[in-house]
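Below is one structure, written out as structure tokens; the observations come after it.
Each ligand, and each atom within it, is numbered from 1 in the order the structure gives.
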Amino acid sequence: MTTTQSLAASTAPRAHDASAMLVLGIETSCDETAAAVVEGGLVVRSSIVSSQIDLHARFGGVVPEIAGRAHLERIVPVITEALFVAGLSPTGKALDGGQDLGAVAVTVGPGLIGALLVGVACAKSFAFATGLPFVGVNHLEGHLYASLIEDPDLELPAVVLLVSGGHTLLVEMRAPGEYRVLGETADDAAGEAFDKVARFLDLGYPGGPAIERASESGDAAAIAFTRPMIAEGLDFSFSGLKSATIRYVREHAEIASNDVAASFQACVVDVLVAKAIRAALECGAKSVCLAGGVAANGPLRAAMVAAGNEVGLRTFLPSRQMCTDNAAMIAAAGYHRLGSDGPTSLDAGALPNLRFPGLRRA
Ligand code: KG4
Ligand code: ZN
């Protein structure tokens, strides 16, 4: 059994611009098959996410071969549903005489090659058959648009803390397409650390939500883990904390898993919040935003708002559904990329190791 989730259309009422282009976004970089139609890079007309969590749970992690096959089975129905909910035919024509689809955007990387290829091949075929422009999107850049989609009045420059299963990045977003990388992880991503510690504690998959659930009845002060690199620069390192957690449990067999989970989570949250706030203050940002799967974490969200309030910084937390992988963020990023760079060649392929498109702070 798998779940198909339909994100509600954007909640904030906005002035409607009839000429705003409709972009179909497609996302298959990991274990979510997703398609969405977004108007003018901001207004979500439809967003369909078919999660494969149940398929991978018994293996304790995403199995690339299974992910690719599941994307292949689901991608066409998911796209068709996204088009239909947005009032469009399977070829992108308006069903009610309104505006037709204007472009097709797809995640080209980073991600699992077999998973990416399904979305990329599908998007290119759709673009070729309909004659619409094709736009390749960097998945990480997509995550940055979660905040702008849900809060179009977001004040820029903003510092975005992007924390997912594969990446931990602090990015200054000056304008759509204009980024500067302020910090990144030297080893494990934040989500990866959650997943590995959860697996070690036998808490289930995916690890982040499992640790969060276990923590609810745990004591965050039970183990005083050293906060890695908390006062040093804006880069991160979580591999040592993961090893320290495992070592502690091996040496203290009597410790309750819930206490370990809560102490580990508190440590990660402290480091993420301290660095995001410091980054925002250092570069004079007007707001701080969260993005990526780990941004669904309740204690992280609460701590970020509290720390922002303390120093007078506005924080924006996208909804949990917008934090985790979805195609609305890909359509939004694709809309801006099309405006700045024009269409991507249909010769372009999937790029599993694609890096974030921002310059590193000098
Ligand atoms: O952004 P995402 O959906 O996929 C990637 O692009 O990686 O992020 C998935 C990651 C996983 O590591 C998962 O454990 C973590 O986000 N995650 C969480 C929570 N929900 C998902 N981590 C901590 N707390 C959560 N509630
Ligand atoms: Zn992601």
Side-chain angles (χ1 to χ4, degrees), residues 3 5 7 25-34 36 47 49-53 56-57 60-62 64 67 106-112 115-116 119 137-147 160-169 171 185 188-201 203-216 218 220 238 241-242 261-262 264-269 271-273 289-304 317-330 332-333 352-354 356:
T3 51
Q5 176 186 77
L7 297 194
I26 297 173
E27 157 62 40
T28 64
S29 66
C30 191
D31 60 345
E32 257 99 30
T33 315
S47 181
V49 180
S50 173
S51 169
Q52 301 177 9
I53 282 180
H56 302 286
V62 177
V106 66
T107 300
V108 292
L112 304 169
L116 288 166
V137 172
N138 184 310
H139 179 82
L140 304 172
E141 184 178 7
H143 270 300
L144 301 191
Y145 283 87
S147 296
V160 186
L161 172 66
L162 167 49
V163 269
S164 70
H167 298 85
T168 304
L169 279 175
V171 177
T185 179
D188 288 356
E192 191 179 353
F194 269 98
D195 292 336
K196 286 176 175 170
V197 168
R199 194 190 299 196
F200 174 73
L201 295 175
L203 292 176
Y205 166 86
I211 295 248
E212 184 177 350
R213 270 193 309 276
S215 299
E216 281 162 17
F238 292 110
L241 170 64
K242 172 199 66 192
F264 164 82
Q265 178 177 264
C267 181
V268 176
V269 167
V271 173
L272 293 176
V273 171
C289 312
L290 288 179
V294 181
N297 184 272
L300 172 62
R301 296 167 77 87
M304 193 60 87
L317 316 176
S319 65
R320 284 178 167 75
Q321 287 166 322
M322 195 55 85
C323 287
T324 48
D325 287 350
N326 65 84
M329 65 186 198
I330 303 303
N353 301 316
L354 189 63
F356 183 77

**Q.** Residues in side chain to side chain contact (heavy atoms under 4.5 Å, CB included) contact with Arg213, at least two apart in sequence or another chain
**A.** Pro209, Ala210

Q.
For the backbone of Ala115 and the side chain of Thr28, can you confirm whether one donor and one acceptor N or O come within less than 3.5 Å of each other?
A. yes

Q.
When you compare ligand 1 with Pro206, is there at least one nitrogen or oxygen pair between them that comes in under 3.5 angstrom?
A. no

Q) When rounded to the nearest 0.5 angstrom, what is the spacing between OG1 in Thr107 and NE2 in His143? A) 8.5 Å

Q: Would you name the heavy atoms of Val62 and Ala67 that are closest together and state the gap between them?
A: CG1-CB, 4.1 Å

Q | Any residue meeting side chain to side chain contact (heavy atoms under 4.5 Å, CB included) with Pro110, in chain and number order, not counting sequence neighbours | A | Asn138, His139, Leu140, His167, Leu354

Q) Are there any protein N/O/S atoms under 2.8 Å from the Zn ion (ligand 2), and if so, which? A) His139 NE2, His143 NE2, Asp325 OD1

Q | Separation of Leu144 CG from Leu162 CG (nearest 0.5 Å) | A | 6.0 Å

Q | Expected output: side-chain Glu212 to main-chain Gly298 donor-acceptor under 3.5 Å | A | yes

Q. Can you list the atoms of ligand 1 that are under 4.0 Å from a heavy atom of Gly191?
A. 12 (O)

Q.
Testing the basics here: between Gly208 and Asp195, what is the closest heavy-atom pair and its distance to 0.1 Å?
A. N-OD1, 3.5 Å

Q: Quick one: look up the protein heavy atom nearest atom 26 (N) of ligand 1 and list residue, atom name and how far away it is.
A: Glu212 OE1, 2.7 Å

Q: Quick one: look up the protein heavy atom nearest atom 23 (C) of ligand 1 and list residue, atom name and how far away it is.
A: Gly208 CA, 3.4 Å

Q | Element-labelled atoms of ligand 1 that are located less than 4.0 Å from some non-hydrogen atom of Gly166 | A | 7 (O)

**Q.** Sole residue of Thr185, Val294, Leu169 in side chain to side chain contact (heavy atoms under 4.5 Å, CB included) with Val163
**A.** Val294

(Q) Yes or no: does Gln265 have any heavy atom under 4.0 Å from an atom of ligand 1? (A) no

Q: Check side chain to side chain donor-acceptor pair (under 3.5 Å) between Glu141 and all other residues, then give those that pass, not counting sequence neighbours.
A: Tyr179, Arg337

Q: With heavy atoms only and a cut-off of under 4.0 Å, state how His167 meets ligand 1: side chain, backbone, both or neither.
A: neither

(Q) Below the 3.5 angstrom mark, is there an N/O of Asp195, backbone or side chain, next to an N/O of ligand 1? (A) yes

(Q) Ring centres under 6.0 Å, that's the criterion: do Phe194 and Phe238 meet it? (A) no

Q: Please indicate whether any nitrogen or oxygen in Gly292 is less than 3.5 Å from any nitrogen or oxygen in ligand 1.
A: no

Q: Consider ligand 1: state whether an atom of it lies below 4.0 angstrom from any non-hydrogen atom of Cys30.
A: no

Q.
Does Gln52 form a side chain to side chain donor-acceptor pair (under 3.5 Å) with Ser50? I'd like the steps, not just the answer.
A. CA-CA 7 Å; Gln52 301 177 9; Ser50 173; over 6 Å; no

Q) For ligand 1, is there an N or O atom under 3.5 Å from any N or O atom of Asp325? A) yes

(Q) Need the ligand 1 atom indices (1-based, order shown) with element for anything under 4.0 Å from a heavy-atom of His143. (A) 1 (O), 6 (O)

Q: Could you check atom 17 (N) of ligand 1 against the protein and tell me its nearest heavy-atom contact, residue, atom and distance included?
A: Gly293 O, 3.5 Å

Q: For atom 10 (C) of ligand 1, find the nearest protein heavy atom and state the residue, atom name and distance (0.1 Å precision).
A: Gly165 N, 3.4 Å

Q. Can you tell me how far CD1 of Ile211 sits from CG of Asn297, rounded to the nearest 0.5 angstrom?
A. 9.5 Å

Q | Subset of ligand 1 atoms that lie under 4.0 Å from at least one heavy atom of Asn297 | A | 23 (C), 24 (N), 25 (C), 26 (N)

